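Okay, so here's the structure we're looking at.
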Amino acid sequence: MSNEKPKPYWSPYMAGLGLGLVLLLAFVIMGQGLGSSGAFARLEYTLLHTVVPEHIESNPYMAHYFEDGANPLSNYLVFLVVGVLAGGFISGITANRFKKSVDKGPRISVKARFFLAFFGGSLMGFGARLARGCTSGQALSGGATLALGSWAFMMMFFAGGFLGAYFLRRQWL
Amino acid sequence: MNFPIESTGAFSFSTGMLMTFLIGVGFGFFLEKGGFSSARKLTAQFYLRDFAVLKVMFTAVVVAGIGFWGLVHLGMLDLEFTFINLTYIWPQIVGGLILGIGFIVGGYCPGTACVAATTGKLDALWCIAGIFFGIFVFSELQPALKAFQNSGEMGEVFVWQWLGVSPGIVLLGAVLMAIGAFSLGTIVENKKGSVVQPD
């Protein structure tokens, strides 16, 4: 950590250009786009499988990940998200942006912010599994390949955000 | 060249995963550079105060989309070995809506929550815990929700097929939409002086 002032974020066009080129490279090198919620699920199923193996095996949706002795962590998305953690950290720390903090508007308590973060996260975990991907796997990667369902997902994602914004304004503004 | 490189068998498993890790580093790096490690910056999109979400995401989609379809057009990228999201229209519509609502409530999406956590945001850790919980709930209920999750199945279908035009026309439309939306966004941002920077 440094006492120097945090550097401003990049122009969104430069960040978007970089992100777009990384996404293109992912397709060119590995034949897959970017994603993240899949890695969460794989880690979670692996942990649950060590604690309550019979329960996981009895649910075909989760058992599928362990078929023929497969290791769910030995997977593209898992290595990708480990990289995301490293890349985010490198960018943040070198721009003096690493700071233990709670990101919220001035009108809400830390406790309420934590509760809403958890609740919103739960909705996203549920929604991402239902839709077979989240903002990165569907909207970003599916969007670039022009997959029809991913574009429907993207429009609905923005619709959901704008619909909820009025009710959540105390948290952010 | 034949792309994707992975499909040519040029990589061992560990080389492939090293490549994947490095791609992930780039992904996380540019997300953080764009300010996606801040919930206030991300959510400011939905109060029309900071258009970074739209600008970063749409720039990336257009850049990658032009590269992707350009390579397909030149016969260099084989779609057969490339992962394309299958369309299940109903769960994607409902799931996208739930994710959008979850995003404005939680402040991050799954990928940006990771990046935010690496820059010290404690709320992002709660968001990540929530994502695990939501995945758990869905996975437990999936046998009952399976019929809906598989509804509206259309297979591998592209926006341009659905519209009956070429990929280039759709990409051109996306570029024009992006330029229009970015210009309007910038006018609003300048008027309000509301672009979020780190503090």
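The chains referred to below are lettered A, B, ... by the order of the sequence lines, with proteins before strands, and numbering in each begins at 1. Since we're looking at a predicted model, the values are computed, not measured.
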Who are the side chain to side chain donor-acceptor pair (under 3.5 Å) partners of A:Arg113, not counting sequence neighbours? A:Gln171, B:Asp123

Please lay out, stage by stage, how B:Phe51 and B:Phe182 fare under the test ring pair (Phe, Tyr, Trp, His ring centres under 6.0 Å). CA-CA 8 Å; B:Phe51 287 71; B:Phe182 295 175; 9.3 Å; no

Residue, of A:Phe153, A:Tyr61, A:Phe119, that accumulates the most heavy atom pairs under 4.5 Å with chain B: A:Tyr61

Would you please indicate if the ring centroids of A:Phe27 and B:Phe68 are separated by under 6.0 Å? yes

Picking from A:Ser74, A:Gly20, A:Gly125, A:Ser91, which has the most non-hydrogen pairs under 4.5 angstrom with chain B? A:Ser91

Between A:Leu24, A:Leu25, A:Leu21, which shows the greatest number of heavy-atom pairs under 4.5 Å with chain B? A:Leu24

Taking the six-membered ring where the residue is Trp, are the ring centres of A:Phe126 and B:Phe133 under 6.0 Å apart? no

Under a 4.5 Å heavy-atom cut-off, does chain B meet the side chain of A:Tyr45, its backbone, both or neither? side chain

Would you say the rings of B:Tyr108 and B:Trp126 are close, in the sense that their centroids are separated by under 6.0 Å? no

What part of B:Phe36 lies closer than 4.5 angstrom to a heavy atom of chain A: side chain, backbone, both or neither? neither

With a 4.5 angstrom heavy-atom cut-off, could you sort out which part of B:Ile23 is near chain A: side chain, backbone, both or neither? both

Count the heavy-atom pairs under 4.5 Å between each of A:Val84, A:Leu123, A:Leu77 and chain B, then report the option with the highest count. A:Val84

Taking every heavy-atom pair that is under 4.5 Å apart, which of A:Ser36, A:Gly127, A:Ala117 has the most such pairs with chain B? A:Ala117

Quick check on the interface: out of A:Pro12, A:Ser11, A:Ala15, who has the most heavy-atom pairs with chain B under 4.5 Å? A:Pro12

